[in-house]
Amino acid sequence: MFVIQNQTRPGEIQNALRDLMRDGVESVRVCSAYVTRKGSELLYDEIRRSSRNGDQDAVSKTIVASLDFGTTEPQALEYWMEIPGSRVLVAGADLLERRTLNPKVAFHPKVYAFGRPNGTVGSLTGSANLTSRGLTINSEAAWCVPKHASHEEVDVAWQSITQGTTPLTQELLDQYRLLREQTIGERQTRETQPVPEPEVGQLGDYQPFAVAVADPDRHARMWIQARQLQGGSHTQLELPRGSHRFFGAVQIPAGADQVVRLAELVLTSGQSSWPECPLTWHPNNQMERINLPSIAKGGYDYNNTLILFRRLGEGRFELQAHPWDSDSCRAFVEASRTTNLLFRVGRNSNRLYGLLP
């Protein structure tokens, strides 16, 4: 199955990795030419959410990265070295002896392989590095195999790809950090630069969602800007009127003058599932509201985030929450803007709302 990611379809690589871990994960093997700290944090959060009982330390993790050109961030390598259950290998250790980061032959593979509790293995191979840009906004193409015929074919390929790599030690990391500072200093490559701020402009330039969109059900993803949620546990998210159509909920009865329960949604994130998340309509402001799982129940801290719902089929929706200042958030907002699917929540609201493929 092809996975295509670009500026108008952001986050598709990360979605594919989520899908490969949806049935749980026992082992993770990543071979990426370049690795950054932010990209590593994105992957590790998904490992945590997909591990059995949230025990990410029990998941075997092998990370292989290249020292070529100094693109891989030392703090990313250090990040994985400090995570229990992780093994880090590097290509290009000989560069440190030669006092250069320009290789004679570049190490450039990108392979992600996940072993699951049921004994199956899934993989993704393509162009995406383990960087924030590679997982969110870069134009990338990959081939995803949800279930391999056997472990052996993955193991043989992995051994061939990682041949000649070296286990990372603190001494090698220190040498790399020093040589990188001496050769490239603070210069950032395109791969390590943050995603640019979206060109939103004035909120008044955008129509309220209920006025602008007639068929949100055509879109695979819907997101909303959240500041501070409602309710005692701060888990009630106010949506604009019309959002229920994205979820396939019942229509709001004409003339309703009391709270109407429109649906009981099934939300998921990694190995967590919440089967009874009510979607309601409130007559006082004619807005819709959804109850989200709290942190105590395996949910997120939703304050100042972009909350995204992704259609999974069979009435199920994946729940995500991205900090408002994150690369993922900036990529999603800009993608909605460039496809004319960016809206205000309501006429008097200063929150944004968007749809994505």
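- Under a hydrophobic-cluster definition in which Ile, Leu, Val, Met, Phe, Trp and Tyr are linked whenever side-chain heavy atoms come within less than 4.5 Å, directly or via other members, Y34 and I13 are assigned to different clusters.
- Defined by atom type and a distance below 3.5 Å, a donor-acceptor pair is missing between the side-chain atoms of D155 and Q159.
- F114 is not connected to W143 by any chain of hydrophobic side-chain contacts under 4.5 Å among Ile, Leu, Val, Met, Phe, Trp and Tyr, and they are in different clusters.
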Report task. Mind running salt bridge (Lys or Arg N to Asp or Glu O under 4.0 Å) on D19 and R310 for me, showing each step along the way? Result -> CA-CA 12 Å; D19 291 342; R310 177 184 170 219; 2.7 Å; yes
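- A donor-acceptor pair under 3.5 Å is formed between the side chain of K61 and the backbone N or O of Q56.
- The cationic group of R289 does not satisfy the cation-pi geometry with W281, failing either the under 6.0 Å distance to the six-membered ring centre or the 45° limit from the ring axis.
- Donor-acceptor pairing under 3.5 Å is recorded for the side chains of Q182 and R99.
- The closest side-chain heavy-atom distance from R227 to N303 is not below 4.5 Å.
- Between the side chain of T280 and the main chain of V260, no donor-acceptor pair closer than 3.5 Å is present.
- Side-chain atoms of N118 come within 3.5 Å of backbone N or O of T120 as a donor-acceptor pair.
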Query raised in the report: Between R37 and E41, is a salt bridge (Lys or Arg N to Asp or Glu O under 4.0 Å) present by the stated rule, with each step listed?
Result: CA-CA 6 Å; R37 173 65 182 259; E41 290 173 347; 2.8 Å; yes
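- Across every non-hydrogen atom of G70 and L101, the tightest pair is CA-CD1, 3.7 Å.
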Requested in this report: Take V154 and H151 through the side-chain contact (heavy atoms from CB on, under 4.5 Å) test and state the conclusion after the steps.
Outcome: CA-CA 5 Å; V154 179; H151 279 269; 5.9 Å; no
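- For F309 and F247, the distance between ring centers is under 6.0 angstrom.
- Remark: R52 engages E26 in a salt bridge, criterion side-chain N to carboxylate O under 4.0 Å.
- Checking T235 against S233 by side-chain atom types alone, a donor-acceptor pair falls below 3.5 Å.
- Between H219 and L341, the closest heavy-atom pair is CE1-CD1, 3.5 Å.
- L312 and L356 are assigned to two separate hydrophobic clusters, defined by single-linkage of ILVMFWY side chains at heavy-atom distances under 4.5 Å.
- T165 places a side-chain N or O within 3.5 Å of a backbone atom of T162 that can act as its donor or acceptor partner.
- Using a 4.0 Å cut-off between a side-chain N of Lys or Arg and a carboxylate O of Asp or Glu, E46 and R49 do not qualify as a salt bridge.
- Of the possible polar contacts, none joining the Y176 side chain to the E171 backbone as a donor-acceptor pair under 3.5 Å is found.
- In terms of modelled atom types and a separation under 3.5 Å, the side chain of R337 and the main chain of P198 share no donor-acceptor contact.
- Residue-environment remark: CD (Q163) stays at or below the threshold of 12 foreign heavy atoms within 6.0 Å.
- Residues V30 and V111 have side chains not in contact (no heavy-atom distance under 4.5 Å, counting atoms from C-beta outward).
- When hydrophobic clusters are built by joining Ile, Leu, Val, Met, Phe, Trp and Tyr residues whose side-chain heavy atoms come closer than 4.5 Å, directly or via intermediates, L319 is grouped together with L279.
- The backbone N or O of A226 sits nowhere less than 3.5 Å from a side-chain atom of R351 that would complete a donor-acceptor pair.
- Atom CG of residue N304 and atom NE2 of residue H322 lie 15.0 Å apart, to the nearest 0.5 angstrom.
- When side chains are defined from C-beta on, L43 counts as touching M21, because their heavy atoms get closer than 4.5 Å.
- Residues T100 and F69 have side chains not in contact (no heavy-atom distance under 4.5 Å, counting atoms from C-beta outward).
- Side-chain contact annotation: Y300 with S269, donor-acceptor N/O pair under 3.5 Å present.
- The list of salt bridge (charged side-chain N to carboxylate O under 4.0 Å, His left out) pairs with a residue in residues 115-130, not counting sequence neighbours, is empty.
- Donor-acceptor pairing under 3.5 Å is lacking for the side chains of S139 and N6.
- Under the 4.5 Å side-chain contact rule for hydrophobic residues, L237 and W223 do not share a cluster.
- Here the side chains of L124 and L17 are in contact, with some heavy-atom distance below 4.5 Å.
- Heavy atoms only, all atoms of each residue included: P293 and C277 are closest at CD-SG, 4.4 Å.
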Report task. Would you please test Q225 and L306 for side-chain contact (heavy atoms from CB on, under 4.5 Å) and show each step? Result -> CA-CA 5 Å; Q225 181 181 4; L306 177 150; over 6 Å; no
Requested in this report: Could you walk me through whether N129 and S32 pass side chain to side chain donor-acceptor pair (under 3.5 Å), step by step?
Outcome: CA-CA 5 Å; N129 284 300; S32 175; 3.2 Å; yes
Query raised in the report: Can V28 and T62 be said to form a side-chain contact (heavy atoms from CB on, under 4.5 Å), step by step?
Result: CA-CA 6 Å; V28 174; T62 302; over 6 Å; no
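- Looking at heavy atoms from C-beta onward, R22 lies in side-chain contact with T268 at the 4.5 angstrom threshold.
- No donor-acceptor distance shorter than 3.5 angstrom exists from the side chain of E288 to the backbone of H282, with no hydrogens or angles considered.
- Heavy-atom minimum distance, G39 versus L130: O-CD1, 3.5 Å.
- Shown here for F107 and D68, the closest heavy-atom pair between the two residues is N-OD2, 2.7 Å.
- Counting heavy atoms from C-beta on, the side chains of V3 and E12 come closer than 4.5 Å.
- Using the six-membered ring where Trp is involved, Y353 and F343 have ring planes that are tilted, between 30° and 60° apart.
- Side chain of S336 to backbone of V333: no donor-acceptor contact under 3.5 angstrom is found.
- Taking 4.5 Å as the limit, some side-chain heavy atom of R98 sits within range of a side-chain heavy atom of K104.
- Although no hydrogens or angles enter the test, the distance criterion places a donor-acceptor pair under 3.5 Å between the side chain of R344 and the main chain of Y206.
- The two residues R180 and T72 make their nearest non-hydrogen contact at NE-O, 3.5 Å.
- The aromatic rings of F317 and F246 are tilted relative to each other, their planes meeting at an angle between 30° and 60°.
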Query raised in the report: Checking side-chain contact (heavy atoms from CB on, under 4.5 Å) for the pair F2/C144: CA distance, chi angles, key distance, verdict?
Result: CA-CA 6 Å; F2 274 116; C144 182; over 6 Å; no
Report task. Under the ring pair (Phe, Tyr, Trp, His ring centres under 6.0 Å) rule, what do Y302 and H234 come out as? Steps first, then yes or no, please. Result -> CA-CA 8 Å; Y302 303 104; H234 300 291; over 10 Å; no
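- One side chain, Q320 or R18, offers a donor N or O that lies under 3.5 Å from an acceptor on the other.
- Between E318 and R221 there is no salt bridge, since no side-chain N of the basic residue sits under 4.0 Å from a carboxylate O of the acidic one.
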Query raised in the report: Yes or no on side chain to side chain donor-acceptor pair (under 3.5 Å) for E140 and S127, after CA distance, side-chain angles and deciding distance?
Result: CA-CA 6 Å; E140 309 282 3; S127 62; 2.5 Å; yes
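- A donor-acceptor contact closer than 3.5 angstrom links the side chains of S123 and H148.
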Throw together a table of side-chain donor-acceptor distances under 3.5 angstrom for residues 77-94, partners on residues two or more places apart or in other chains.
from	atom 1	to	atom 2	distance (Å)
W80	NE1	S40	OG	2.8
S86	OG	I83	O	3.2

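- Other residues, nucleotides and ligands contribute more than 12 heavy atoms inside 6.0 Å of the CG atom of N284.
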